[in-house]
There are 2 protein chains.
Amino acid sequence: MTEPRAPRADARRNRAILLDVAAEVVAEQGAQASLRDIARRAGVGMGTLYRHFATREELLGALLGARFDRLAARADALAAELPPLEALTAWLDEFTAGTTVYRGLAPSLMASADGDSPLKASCDAFREAGGRLLARAQASGDIRPDVDGGDLFALAGGVATVVDQSPVLAARRERLIELILGGLRAR
Amino acid sequence: MTEPRAPRADARRNRAILLDVAAEVVAEQGAQASLRDIARRAGVGMGTLYRHFATREELLGALLGARFDRLAARADALAAELPPLEALTAWLDEFTAGTTVYRGLAPSLMASADGDSPLKASCDAFREAGGRLLARAQASGDIRPDVDGGDLFALAGGVATVVDQSPVLAARRERLIELILGGLRAR
DNA sequence: ACCTGAACACCGTTCAAGT
DNA sequence: ACCTGAACACCGTTCAAGT
């Protein structure tokens, strides 16, 4: 029983470069970006891209995973700084605003909740962090006790996706969050 | 000054066939469906497809237009049958449920609100029909007076898009509509 | 006026050959 | 163990040639 070998240095480096370049290209061209173009700009052969990311889903997943992790961390930070309802509101704001950076990524973001991709771990952490924020706002009596993290995730994901579609809709972002929170608020 | 000639019979027929086949193929494969495949199954050359629909947007737009028109008509029918809030709820239900038929079409549906595509006429009719339903529910005191059709369109579009992403999310559809209406309801 | 289908440049995916 | 790059089948788009 030997330990699994650490990846070779060049492989590790190629993976990192691919991720950097992919983040750049996807930010430019959206989720439909050409994989060939990414490999080209990363200075590696197509086979190398495929070795590291067997499918487009996997590559986008790696990008999304980083985003999930960041947002999960932000949830905890906001909980430490702000009162319950304000923390929740601020987090929804950051969540829905940030998606636009990767145009067209919001849909796969939503879909990632189900399957058991490697993305699932990050996605779960993200959702649990949001759930904690929600639970806190329920304990304080701000939010109805009968809504769960899944409701929050779906509604916020809807706003994130919609504001991603056009500048006109993006301008409504904060208002849409308010309206959604209105539906979740205890009365 | 002569009248613009009516399109030739074969052209008219090809257009109709293309639309039928496109509806079928898009229902099967989603909005990313192969245009080549559509032309093939319609029994026409690629050039013919391009002559009738200069861009993929235009083809999808023609499909969406039909959907918009149907939903606009439904809004008026529901208004005649049901009390204000129930009519609005039923319409949102049909709207969010129907999108799944054309997987991946919801995003372009949302985006179509802005540009001045030929789609705009149908889209406007659709939004105005929804607006009338909304106004009625405001007149009866069920819905807050300060929300507008744009809010409704964005929130409902968000739900439609999200439930389109996975069966798990689709199962929450009716609940999400309830929550959204909760945010719009007068208190 | 309208249609066909071949031609072009591109893409995603695979895989033999290299180091 | 990992990488390269050519090969394959496909796609969207254009356009000369047909009727």
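Tested against A:Y50, the residues A:L35, A:T55, A:L59 include a single side chain to side chain contact (heavy atoms under 4.5 Å, CB included) partner, A:L35.
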Between B:L184 and B:R144, does the side chain to side chain contact (heavy atoms under 4.5 Å, CB included) criterion hold? Intermediate values first, please. CA-CA 6 Å; B:L184 305 183; B:R144 290 164 49 173; 5.6 Å; no
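In the set D:dT4, D:dT13, C:dG12, D:dT13 carries the atom at the smallest distance from any side-chain atom of B:L35. Among the nucleotides C:dA1, C:dT14, D:dT14, the one closest to any side-chain atom of B:R8 is C:dA1. Looking at the side chain of B:M46, the nearest of the listed nucleotides C:dA6, C:dG12, C:dC3 is C:dA6.
Rounding to whole angstrom units, OH of residue A:Y50 and P of D:dC3 are separated by 16 Å. In this entry the distance linking CD1 of A:I38 with C1' of C:dT13 reads 15 Å, nearest Å. When rounded to the nearest whole Å, the span between CD of B:Q32 and C1' of C:dC11 equals 14 Å. If you measure from atom CZ of A:R41 to atom C1' of C:dC11, you get 16 Å, rounded to the nearest angstrom. B:R15 places its CZ atom 12 Å from the P atom of C:dC3, with the value rounded to the nearest Å. Between the CD atom of A:E58 and the C1' atom of C:dT13 there is a distance of 15 Å, rounded to whole Å. When rounded to the nearest whole Å, the span between CG of B:L59 and C1' of D:dG12 equals 13 Å. At whole-Å resolution of the value, CD1 in A:I17 and P in D:dC3 are 10 Å apart.
Residue contacts shown for B:R51 include a base, since a base heavy atom lies under 4.0 Å away. Using a 4.0 Å heavy-atom cutoff across all strands shown, B:R40 reaches sugar-phosphate atoms only and no base atom. Nucleic acid contact for B:S34: sugar-phosphate only, since backbone atoms but no base atoms lie under 4.0 Å from a heavy atom of the residue.
A salt bridge links A:R40 and A:D37; the closest N-O separation between the charged side-chain nitrogens and carboxylate oxygens is under 4.0 Å. Salt bridge absent: A:D142 and A:R136 never bring a charged side-chain N and a carboxylate O closer than 4.0 Å.
A 3.5 Å limit on both hydrogen-bonding distances identifies no Watson-Crick or G-U partner for C:dC10. Nucleotide D:dA16 forms a pair with C:dT4, judged by Watson-Crick or G-U wobble geometry with both contacts under 3.5 Å.
Contact annotation: A:H52 side-chain N/O to D:dC3 OP1/OP2 distance is under 4.0 Å. The phosphate of C:dC10 has neither OP1 nor OP2 within less than 4.0 Å of any side-chain N or O from A:R36. Phosphate proximity of D:dC3 to A:N14: present, with a side-chain N or O under 4.0 Å from OP1 or OP2.
Heavy-atom distances to DNA chain C give each of B:V44 and A:D37 a nearest nucleotide, and the one nearer the 5′ end belongs to B:V44. In this structure, A:G47 and B:T55 both approach DNA chain D, and ranking their closest nucleotides by distance from the 5' end singles out A:G47.
To the nearest 0.5 angstrom, A:L181 atom CG is 5.0 Å from A:T89 atom OG1.
Considering all non-hydrogen atoms of both residues, B:D93 and B:R173 come closest at OD1-NH2, 2.7 Å.
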